[in-house]
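Everything on this sheet refers to the single structure shown next.
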Amino acid sequence: MKFTRFVLTIVLPLLMFLFLAVNVLNNNIQAFDAYVYSMVSKIISGKMTIFMKFITFLASQQFLGIICALVFLSIFTKKQKYSFYAAMTIIDISLSSIINVGLKWLINRNRPDILKLVEVTGLSFPSGHSMAAISFYGFIIYLCGRFYKGKYKNLVIFPIVILIALVGLSRIYLGVHYSSDVLGGFSFGVLWLGVFTLIIEKAQEKHV
């Protein structure tokens, strides 16, 4: 089980990210990106744009900053387990954001030169929103899987998975990221989450 988890959450996402990064650096993925955008752009409409802007906001620095502030208050709860995971949530979001900035600087890919439905700045690969969606909402899924034993667990997890996918789609729809940026953000987000949760569990084992 541990080996399978290691492969699925660290090895495969790392290989996926490296594959995408190499192809981005060598300009070998434009045709794929163009095809995906041509498909996504067919659903552009006024109402859809409003919806996609809302979805993308749910993985924005502004929204996650609010989440961190609210979670920070719960650190002072009397229940040590809750305060520990509250602190881990803040660390998860913060380090993920810092790592993403470093990766963007390293790859140095400009954003798409297409119709942008929102104003953005900065570099493109990997998508920060996509990576943040995996890091934060993926961490919620991790906590649900680990601690929630109710029979409706999948009813909680499934909408979160859909939300993560929609965040990635929204970045392509809004014209601010290539599809390969989104896949890069997803793959490194899974990698980061896999490493982060393993570190948490190892740290807890030492204090048992």
Side-chain angles (χ1 to χ4, degrees), residues 13 16-17 20 23-24 29-71 89-90 92-94 96-97 100-101 103-104 107 109-145 148 152-190 192-193:
M16 179 66 173
F17 179 81
L20 290 166
N23 279 279
V24 166
I29 205 164
Q30 295 99 323
F32 171 75
D33 287 331
Y35 174 76
V36 173
Y37 180 74
S38 70
M39 294 294 103
V40 174
S41 63
K42 292 179 180 179
I43 64 172
I44 291 178
S45 68
K47 291 182 179 179
M48 183 62 73
T49 298
I50 293 172
F51 174 70
M52 288 297 181
K53 285 181 178 180
F54 171 72
I55 291 295
T56 211
F57 173 73
L58 297 180
S60 66
Q61 289 185 346
Q62 295 89 337
F63 179 77
L64 294 180
I66 294 171
I67 294 295
C68 284
L70 294 175
V71 169
T89 300
I90 295 173
D92 172 33
I93 294 172
S94 301
S96 172
S97 178
N100 181 262
V101 171
L103 291 171
K104 284 185 174 181
I107 303 299
R109 186 189 203 186
N110 292 323
R111 289 187 184 268
D113 186 18
I114 53 179
L115 174 65
K116 292 183 176 65
L117 300 177
V118 292
E119 292 296 323
V120 292
T121 58
L123 298 169
S124 194
F125 183 92
S127 164
H129 281 67
S130 300
M131 187 169 166
I134 292 288
S135 300
F136 173 58
Y137 295 109
F139 191 57
I140 294 177
I141 291 174
Y142 165 79
L143 294 177
C144 286
Y148 182 54
Y152 300 112
K153 179 170 65 176
N154 289 337
L155 293 179
V156 176
I157 292 175
F158 182 71
I160 300 177
V161 173
I162 296 298
L163 175 59
I164 292 172
L166 284 174
V167 167
L169 178 62
S170 73
R171 303 310 285 168
I172 301 170
Y173 176 95
L174 294 171
V176 294
H177 278 295
Y178 297 103
S179 55
S180 52
D181 298 335
V182 170
L183 292 176
F186 281 162
S187 58
F188 205 93
V190 172
W192 160 248
L193 190 61

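Computed from a prediction, not measured in an experiment: that's the story for all the values here. Side chains included, hydrogens not; waters and symmetry mates left out as well; all remaining heavy atoms used.
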Self-check item: Distance-only polar pair, side chains of Thr49 and Tyr173, donor-acceptor under 3.5 Å
Solution: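 Their side chains do contain a donor-acceptor pair, which is all the 3.5 Å distance test asks for.
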
Exercise. Please check if atom CZ in Phe57 has more than 12 non-hydrogen atoms from other residues, nucleotides or ligands closer than 6.0 Å.
Key: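 Counting neighbours around CZ of Phe57, more than 12 heavy atoms of other residues, nucleotides or ligands fall under 6.0 Å, so yes.
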
Quiz item: Would one find more than 12 heavy atoms of other residues, nucleotides or ligands at under 6.0 Å from atom CD of Gln61?
Solution: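 No, the 6.0 Å shell around CD holds no more than 12 heavy atoms from other groups.
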
Between [X] and [Y], which heavy-atom pair has the shortest distance, and what is it?
| X | Y | value |
| --- | --- | --- |
| Gly184 | Leu20 | N-CD1, 3.5 Å |
| Val182 | His177 | CG2-CB, 4.4 Å |
| Ser41 | Ser38 | OG-O, 3.1 Å |
| Cys68 | Ile90 | O-CD1, 3.7 Å |
| Tyr178 | Asp113 | OH-N, 4.2 Å |
| Arg109 | Ser180 | NH1-OG, 2.7 Å |

Ignoring hydrogens and angles, tell me if any N or O in the side chain of [X] forms a donor-acceptor pair with the backbone of [Y] under 3.5 Å.
| X | Y | result |
| --- | --- | --- |
| Arg171 | Thr56 | no |
| Asp92 | Leu193 | no |
| Asn23 | Ile29 | no |
| Arg111 | Val176 | yes |

Could you grab the distance from atom [atom1] of [X] to atom [atom2] of [Y], nearest 0.5 Å is fine?
| X | Y | atom1 | atom2 | answer |
| --- | --- | --- | --- | --- |
| Ile43 | Leu169 | CD1 | CG | 5.5 Å |
| Phe125 | Leu183 | CZ | CG | 8.5 Å |
| His129 | Asp181 | NE2 | CG | 13.0 Å |

Quiz item: Going through the checks in order, is the side chain to side chain contact (heavy atoms under 4.5 Å, CB included) test met by Leu123 and Ile107?
Solution: CA-CA 9 Å; Leu123 298 169; Ile107 303 299; over 6 Å; no

Self-check item: Chi angles and distances behind the side chain to side chain contact (heavy atoms under 4.5 Å, CB included) call for Phe51, Leu166
Solution: CA-CA 10 Å; Phe51 174 70; Leu166 284 174; 4.2 Å; yes

With side chains defined as the heavy atoms from C-beta onward, is the minimum distance between [X] and [Y] less than 4.5 Å?
| X | Y | result |
| --- | --- | --- |
| Gln62 | Ile66 | no |
| Phe17 | Pro126 | yes |
| Asn100 | Phe188 | no |
| Phe186 | Ile164 | yes |

Quiz item: Are the aromatic ring centres of Phe63 and Phe54 under 6.0 angstrom apart?
Solution: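 They do not qualify: ring centres at least 6.0 Å apart.
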
Quiz item: Which of these, Ser94, Ser97, Ser96, sits in a side chain to side chain contact (heavy atoms under 4.5 Å, CB included) with Ser135?
Solution: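 One option only clears the test, and that one is Ser96.
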
